[in-house]
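Data block below; observations after.
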Amino acid sequence: MEYEPHAVERRWRERWAETGRYEADPGDEEATFITVPYPYPSGGMHIGHARTYTVPDVYARYRRLQGDNVLFPIAWHVTGTPIVGAVERLRKGESDQLETLQNAFGVSESELKNLETPMGYARYFIEEADSSYKTGMKGLGLSIDWRREFTTNDDRYSKFIEWQYRTLRDRDRLEKGLHPVKYCTNERQPVTTHDLLEGEEAEFQEYTLVRFGLTVDGESVTAPMATLRPETVRGVTNAYVHPDGEYVVADVDGEPWFVSEAATEKLRLQERDVEIRKRYSGDELVGSTVENPVTGDEVLILPATFVDTDNATGVVMSVPAHSPDDYVALRELKERADELTEYGLDPAAVRAIEPIPILSVDGYGEIPARDAVESAGIESSDDPRLKDATQELYNREFHQGELFEEYGEFAGAVIEDVREELREQFRERGAFDLMYEFSEEVVCRCGGDVEVAYQDTWFLTYNDDDWKAITKRAVEQLEAIPENTREQYTHTIDWLNEWPCIRNYGLGTRLPWDDEFVIEPLSDSTIYMSYYTIAHRLDEIPVEDLDHEFFDALFYGPEAVDDPDARALDLREEWLHWYPVDFRCSANDLISNHLTFFLYHHAELFEESQWPEGITIMGMGLLEGEKMSSSKGHVVLPGEAIDRYGADTVRFFLLNSAEPWQDYDWRADRVESTHNQLRRFWNRAQEVIEAAPAADADVELRPVDRWLLSKLQTTIRRTTEALEGFETRTASQTAFYGFEEQLRWYRRRADLEREGAAWTLRTVLEARLRMLAPFVPFMANELHEQLTGTPAETWPAPDAELESDRIEAREALIRELVDDVNDIVDVTGTDPELIRVIVAADWKRTVFQQVRETGPDVGAVMGQVMQRPSLRERGDEVNRLVQTLVEFVRERDDETLSALSDIDERDVYEDAAGFLADAFGASIDVVAEENTDDEKAGQAEPFRPAIVLE
RNA sequence: GCGAGGGUGGCCGAGCCUGGCCAAAGGCGGCGGACUUAAGAUCCGCUCCCGCAGGGGUUCGUGGGUUCAAAUCCCUCCCCUCGCACCA
């Protein structure tokens, strides 16, 4: 039978679907519940996604073969704005969006109209498109229980999320507060990253405002100067304004402030009450002085065109000792001090300004900024190297700089450790304030300017110490695969802060007590695994019955509510059956958000016994060595790959080319060769199946058969061990390629015409098919059925009876002999007619036994050996042999040595004589060293016969 | 800067935890052979250097160290990737 993957795969797919093979219901067997993040159908499925879902499938199939009741469900994540945004861009006819859909996912012109509603779009990529997730998953043969699918926009799911968020609020894990958001000043509403034309990478920066005192027109006002380095406040030597800039005095929260006009809008958006009173041009203020709120010093305001009035407050303080920028700016101003008289400045006063160092940092002198500028040879403020010098110095000062005495309790401390605290202290004293600003310019797709706005929002208090503590406990009892990810969870918990969990629009569940807001995607996907356990049965219950008490009864039991709903308690049984999640398989980049949130919410909402038991991390996929990119059309679709190679090839390649947590690279030439390997396997299997005697046939086995069976047991052990730890690569390599090597030797070595050989090969094939069934389920089940009449239903167990160190050691001797003869033939270029194998003399065996007994210590062994007169006579010869054998023994473990010492070498070689004769086309003569006077005979050592070619 | 991972033969990639059977699996590529009218596929062998007897030499980012013995353990440094932080 030819290998026709598509026909085979179609047959099995249909069969599994018809018989509901993977629909899992509670039963007596041990429950295993395995999940993977539900896909986000904002586009089609590509080959990069394929492995994500195949890894858990392999584990699920493995556990089933081990006898477990396994649940592997899937659902669809549609929450948030990506789908809505995609639909909008499609409606507007944006070309890059159209290209992605058409080029990467093969959407036809006629289908586009179906994608014009968010859920229509989602449905299309969930199950309608050729590139849809469901099509891909079914094609790959994933053993999913399809009855349980849902979307996160479903009414019932929303009821569940509402329950979750009400519960979190009741437990004080949800708080309301002001939070910075991106806000389009044109559309006058918050925007998301997807709405941006420029500045997608922009971050919110929290500027410290140093509240300098200024007198304008006889009035005392506050001149807030923005800085990211509040600790430099004592090093301020002057301030800068843009001489042509538009400035105002405005009442900000009832207090007069001097800021740029642009800043007033920013402050307003940040929930400040702002009323402009009077306008000024920057040059009107040049020459005035401002009072440092920390030192009380009066410093000059100087003019500078580099000041950006559209950034923060538009008033800048200057710290020339620690900022190369400021240092250069001051130097240049001093050089042209005489010109500054036009601003009414006294040139002498400008020239008198000197940098004031406030910290020391290794590698720089008294004035670090000066050193940085001078050592880089920077001449002017236009020098591009100034940026690097600034960056370098900031980093050094932040991580290593130690504050001077004036800083009191902070003196001697490193900036990194005290910046926050110092800022807070000065804030409390009224010297500092703060405002937000973006790290770069941000522009909305509508062309409007985007600013930071403060908005009332709800956030999850991931920074609560007790919540952090309990989540860390969840990490401790977690099986983290690979183990080195454990630290990353802990690390994430350490730095995680409050998380704003709602958005203004998008798909998903509305906040139950404020339906203006939608719960965002990373926040509505933290405990939904529990929803899988009941999803298919929830459909029978009217949505309006799914109230808070219903879920309380379901998840917290009958005692949790006054009048528990019987249907909820019934569902509770199923939840308890499957929960907790045994393994969640997810991408490594989700450790820092989704996976840690998943742990947080489980730790808070559920009993410890329901906490996740394991997380397996998965690496990224590359395509021909490069990142996949839907927008560039640099993707391979599972459907295409399956059409071309068959699903088994796709699966096997994905699982065999790297361990799940490693990155892998889809390369067509390798996939091709994987396909060839599978076909070769199929063809060989066909031969074995045709010749196969019954499993219980009474056959005579030769040592070489027993050798192969012994190797099989080792293979089973190693494969099992690997799969237990999700090492899909090791497992499939061992069961497939690793064993193929043994078979190659076996085919060469054994007489395959014997029934014993046929039986051995069928036994081996059967076990391998069962081990390969998780990886290549179509092929393995098909062949298994051809061989035995049933699909592969159980995992093979190693049979200790069939393992034999002695048999393996015997075979190893033959292999070594073949290698040695080959070596000699190669080097000498001869073609021998006779190969004489001379087995070491008995006295040499005696020495070997002595070494084994005494241990690998030349002196000690010699001491023992020399007590025997027969050996003492041989003096030097014995000494040399002991040296060799000590090495030999040292390099081998006890089992091998023990096996070797039981072996009769002559018997081994004589037994293999027929094979050797065939292999070398020569006659074989096995003799004992004692019985020959060949000059090479003396070279014979135990387990290393002398070889003579004639 | 912090955290994680990594640097192996022409290439990809195992090995490293648990030191010795490691000149280092497997694949790709290359070379030779078998089969074929031929190509492809398949199968067999070779593929660091030297060697007409199973041997020797030099290799696993750098430089040290531990050990009878190091790709493997320890330390130093260099480089790469990712995440985080930092970034008038």
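Owing to the predicted nature of the structure, the values given are computational and were not obtained by experimental measurement. Quick note on labels: first sequence line is chain A, next is B, and so on, each numbered from 1.
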- Query: Going 5' to 3' along RNA chain B, which nucleotides are the first and last within contact of chain A (any atom under 4.0 Å from a heavy atom)?
  - Reply: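 Contact boundaries, 5' end first: B:rG1 to B:rA88.
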- Gap in Å between the two P atoms, one belonging to B:rG20 and one to B:rA25, rounded: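 Each nucleotide's P atom is 15 Å from the other's.
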- Span that lies between the P atom of B:rG9 and that of B:rC48, in whole angstrom: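 Nearest-Å result for B:rC48 against B:rG9 at atom P: 13 Å.
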- A:Glu437 bridged to A:Lys266 by N-O distance under 4.0 Å: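 Answer for the salt bridge query: yes.
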Watson-Crick or G-U wobble mate for [N], both contacts under 3.5 Å:
N: B:rU66; result: none
N: B:rU58; result: none
N: B:rG29; result: B:rU47
N: B:rA4; result: B:rU81

- Query: Under 30°, 30 to 60°, or over 60°: which ring-plane class applies to A:Phe736 and A:Phe681, parallel, tilted or perpendicular?
  - Reply: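 Aromatic pair A:Phe736/A:Phe681 classed tilted.
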- So A:Phe652 and A:Tyr737, would you call those rings parallel, tilted or perpendicular, with 30° and 60° as cut-offs?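 Geometry flag for A:Tyr737 against A:Phe652: tilted rings.
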Remember a base hit wins even if backbone is also touched, and classify [X] as base, sugar-phosphate or nothing at under 4.0 Å, heavy atoms.
X: A:Tyr207; result: sugar-phosphate
X: A:Pro945; result: base
X: A:Arg815; result: nothing
X: A:Arg747; result: nothing

- Item | Check: A:Tyr489 ring centroid to A:Trp495 ring centroid under 6.0 Å |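 No - the distance between ring centres of A:Tyr489 and A:Trp495 does not fall below the 6.0 Å cut-off.
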- With distance as the sole test, does A:His322 use its side chain to make a donor-acceptor pair with the main-chain N or O of A:Ile358 at under 3.5 Å?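 A pair under 3.5 Å: yes.
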- Item | Donor-acceptor contact below 3.5 Å, side chain A:Thr485 vs main chain A:Pro482 |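 Checking the backbone N and O of A:Pro482 against the side chain of A:Thr485, a donor-acceptor pair under 3.5 Å is found.
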